[in-house]
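See structure below.
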Amino acid sequence: MRPRPPEFDFTTPVDRRAVPGDKWGRYAGRDVIPMWVADMDFAAPPAVLEALHARIDHGVFGYTDAWPSLIEAVVEGIARDHDWHIEPDWLVWLPGVVTGFNVACALAGGSGDGVFTATPVYPPFLGAPANVGRQLQRADLVCAADHWQWDWEAVDAAIDARTRMILLCNPHNPVGRVFTRDELSAVADRALRHDLIICSDEIHCGLVLDGTHVPIAAIDPHVARRTITLMAPSKTWNIAALYSSFAIIPDPVLRRRYRRAMRGLVPHPNVLGLVATEAAYREGNAWRLALLDTLRHNRDQVMAAVAALPGLRTTVPEATYLAWIDCREAGLDDPAAFFEAHGVGLSDGKAFGAPAGWLRLNFGCPPVTLQAGLDRMATALSAR
Ligand SMILES: Cc1ncc(COP(=O)(O)O)c(C=O)c1O
């Protein structure tokens, strides 16, 4: 019997230089393998592509709000994947998660009030408070025994009378943690104790490689009441530029304040993004599970390669397709520039609020591309 072809193709490289795009466009005309910005080099799921084709074939693209079957697909998908039973009314549609947490900062207190976050973190977290006249308050996560953890003393020193909101990233970009129920309860305790809003960016929740994603709002109704959860299909199903995401806000007063802060500033998501969202949540789970197998395999490839690179260390990401690499012992003045000069484009950790010497590597690509990048890193270090 002939072997069945793989149902989904995560191995054949797609030529992304053939279309405009940030990841590959940054290195147009140069022999650099891009492993920086957080999108993957995989085509979107067939079910998403089919839904988009069908909608484009219709030919008319008038103003379109989220419709009942889309809302149902999202509500059912979140129940299926995260055992969190949300009400349709709790959804507020957004064109992006970054927009979503900037809006949250705008309703957290007033000018000069504080927004706390744990660092290093996805760079737009660091700028969001200042965008709306709030102060960033931060505490570093710590890496002990190759495991990233909260430093509760540092958290308690950073949160003070000015603090109005905790901006949480879970699963965490860049350290790759899937926070446990105990850790989330400890975060929530601080929010309850200091009467803070929690804005929880859970955009990576579909990309859990080990463990289980717990939405912080699902741990307790008292926590839900003060929480704005942000989710999107964009990372999981690789449709970032379709700009469709949503906030989940169970409390009607907080939801009303949130909608008011959006008014006149935040547009609806694009209709094609909404179409893709319905297809992804309704029909994209088999593709997602196959993707996770590929990402686990890629993660192993990264762990093995980094372990053999002199002066580099990393931890095992529990989620995402991002590895957070410590290069401080490698004796490189500027690791991002060094590897870029040797043909690998990585994210410089400084943008994440880390000290010099950290890099983030995106392993969301076919294994052959990944191996080529890792080989270049090894060659670069051994040729010094
Ligand atoms: C934690 C996190 N939040 C938000 C985003 C981007 O969200 P959006 O493109 O929906 O604004 C990213 C992209 O990498 C991310 O890692």
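For ligands, and for the atoms within them, numbers begin at 1 and follow the listed sequence.
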### Task
Measure the CG-CZ distance between Leu107 and Arg256 for me, rounded to the nearest 0.5 Å.
13.0 Å
### Query
Parallel, tilted or perpendicular: which describes the rings of His213 and His82, with under 30° parallel and over 60° perpendicular?
perpendicular
## Note on the structure
In ligand 1, the atoms that come under 4.0 Å of a heavy atom of Lys235 are 12 (C), 13 (C), 14 (O)
### Message
So if I count the atoms of ligand 1 from 1 in the order they appear, which ones are less than 4.0 Å from some heavy atom of Ala38?
### Response
14 (O)
### Task
If you have a sec, work out which protein heavy atom is nearest atom 12 (C) of ligand 1 and how many Å separate them, to one decimal?
Tyr122 CZ, 3.3 Å
### Message
Tell me the contacting part of Ile203 for ligand 1: side chain, backbone, both, or neither, using a 4.0 Å heavy-atom threshold, strictly below.
### Response
side chain
### Query
When you measure from atom 2 (C) of ligand 1 to each heavy atom in Asp201, Thr320, Asn173, which option holds the nearest one?
Asp201
### Message
Tell me whether the count of non-hydrogen atoms from other residues, nucleotides or ligands lying under 6.0 Å of CZ in Phe42 goes above 12.
### Response
yes
### Message
With heavy-atom distances below 4.0 Å as the criterion, list the atoms of ligand 1 near Cys169.
### Response
1 (C)
#### Entry: Numbered atoms of ligand 1 (with element) below 4.0 Å of Gly96, judged on heavy atoms
10 (O), 11 (O)
### Ring centres under 6.0 angstrom apart (Phe10, Trp287)
yes
### Query
With a 4.5 Å limit on heavy-atom distance, are the side chains of Arg16 and Asp39 in contact?
yes
### Task
Considering the heavy atoms of His204, write down every atom of ligand 1 situated less than 4.0 Å from one of them.
1 (C), 15 (C), 16 (O)
### Task
Take Arg226 and Asp251 through the test salt bridge (charged side-chain N to carboxylate O under 4.0 Å, His left out) and record every step on the way to the result.
CA-CA 7 Å; Arg226 58 180 64 248; Asp251 182 71; over 6 Å; no
### Query
Taking N or O atoms only and a 3.5 Å limit, does Val98 qualify as a polar contact for ligand 1?
yes
### Query
Under 4.0 Å from atom 9 (O) of ligand 1, do we find at least one protein heavy atom?
no
